[in-house]
2 protein chains.
Amino acid sequence: MSAERIVDVALEMVDHDGVDGLTMRGVAAKLGVAVTAIYWHVGDKEALLDAVADRVAAEVGGIRVTGADPVTRIVSLGRSLRRNLLERAHLVAIAHQQGRTAAVFQPARRVLVRELTAAGLRGADAAFSVQAVLALVSGSVLTQVQVERAPESRDKPEELWTIGDVAAAPDLLEFLADPIDPEQLFTRSLDTLVRGLVASRPGP
Amino acid sequence: MSAERIVDVALEMVDHDGVDGLTMRGVAAKLGVAVTAIYWHVGDKEALLDAVADRVAAEVGGIRVTGADPVTRIVSLGRSLRRNLLERAHLVAIAHQQGRTAAVFQPARRVLVRELTAAGLRGADAAFSVQAVLALVSGSVLTQVQVERAPESRDKPEELWTIGDVAAAPDLLEFLADPIDPEQLFTRSLDTLVRGLVASRPGP
DNA sequence: ACCTGAACACCGTTCAAGT
DNA sequence: ACCTGAACACCGTTCAAGT
């Protein structure tokens, strides 16, 4: 028995069943120990959640960068990060909940600074661009995380468009009816954003 | 006693204390009634959450549009929507959790279609632009909602930058040290995105 | 039709007691 | 130092029973 082992199984439970799947009694049972032993090693549930979040911040958030030109490389970085985070959506959710989002993004932030500098951005523009790209990734992941939590979404896009003044834009109906793939939406948004950011730099 | 009154106080409790502040027993106590009466009128807690989310979708998500040129108008729409949603962050969170996000965004979506059409976008480009703008708003709101939930964030931006190869971009340190105002970040990102979207339309 | 009371299984947490 | 057992206050939910 050690704090480390406790966090091990806690992280495992969160990864598998989400935050709601983590109970003090469940952790104790999985370790074959009395519930109260947990309290001695890691403190109460809030402390356990913090410990799990710390571990997530250390283990999640890896990226890969490919491509030749700056825009392609930055977009590939964003896509890689997003994919990585979505693979462990439950863990990302708990890190975010415990206020460790910035730590999760730290490895990506460092690489991103390098790539944006290589793209010619400097000073305040570069700093803003870092935040903007990471915010887009964060937003995309968080939006999708909670959607996955409720697998049978009650929203029917078709219904949403049958009511109201659709006559205002009839040529859009066919496109708005079927929902866009989240990954495509993210990639194209990121591409548009990054082009705009890079274009704002002073000319050579 | 009626399902409507029950949803009234449930929504009030969520708005005030968040999702965790809502308990069946709490609702019953506030109505001066036995817990089990709730079950007769609205069913179990999941059903109550759904009912609250439906109400949120109907009452939240208003927008205002100002400005003359298309980009200004669309950015103002996004800012207005974001502000509106953040004012009732707890309610937005529950609507999202129950899979009613699309419904919350429906009023804004309709206006956005009009504005993007006025900006010259058509067909698939317009449809994508709608989703991209709304996704940016959604992401910004969700990111900030959970941050508010944990008021004392454990992440210290300064600490995050003291470790590692900061020498790679020393001129950025002063800008990356102090966190960017979320509203400024959102506004500038949205502006950049919208300019890119509008610029992608075929010339006149 | 509408509401109550008792009961059940499950939480997180504390605390005295053991070794 | 480390772990247990009993106990407490709080959940959501069911079900028989009342009117």
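Within every chain, numbering begins at 1; the chains are lettered A, B, ... in the order of the sequence lines, protein sequences first and strands thereafter. In this text the structure is predicted, and so the values were computed from the model without any measurement.
Base contact: B:Thr36 has a heavy atom under 4.0 Å from a base atom.
With rounding to whole Å, A:Glu46 atom CD is found 14 Å from C:dT13 atom C1'. Straight-line distance from the CD1 atom of B:Ile38 to the P atom of C:dA1: 19 Å, rounded to whole Å. Taking atom CD of residue A:Glu4 and atom P of nucleotide D:dC2, one finds them 15 Å apart after rounding to whole Å. One can place CG of B:Asp20 at 17 Å from P of D:dC10, the figure rounded to the nearest angstrom. The CE atom of A:Met24 sits 16 Å away from the C1' atom of D:dC10 (whole-angstrom rounding). Atom CZ of B:Arg25 and atom P of C:dG5 are 13 Å apart (whole Å). Distance, B:Tyr39 OH to D:dC15 P: 12 Å, rounded to whole Å. B:Leu22 places its CG atom 12 Å from the C1' atom of D:dC11, with the value rounded to the nearest Å.
Base-pair partner of D:dC15: C:dG5 (Watson-Crick or G-U wobble, both distances under 3.5 Å).
Of the side-chain N and O atoms in B:His41, one or more sit less than 4.0 angstrom from OP1 or OP2 of C:dC3.
Mapping B:Ala34 and A:Thr23 onto DNA chain C by nearest heavy atom places B:Ala34 closer to the 5' end of the strand.
No more than 12 heavy atoms of other residues, nucleotides or ligands sit less than 6.0 Å from atom CD of A:Glu4.
With respect to the salt-bridge test (charged N to carboxylate O, under 4.0 angstrom), the residues B:Asp125 and A:Arg188 qualify.
In the set D:dC3, C:dC2, C:dT13, the nucleotide with an atom closest to the side chain of B:Trp40 is C:dC2.
Using a 4.5 Å heavy-atom cutoff, the side chains of A:Phe128 and B:Gln184 are not in contact.
Paired with A:Arg79 under the rule side chain to side chain donor-acceptor pair (under 3.5 Å), one option of A:Thr187, A:Asp191, A:Asn84 passes, and it is A:Thr187.
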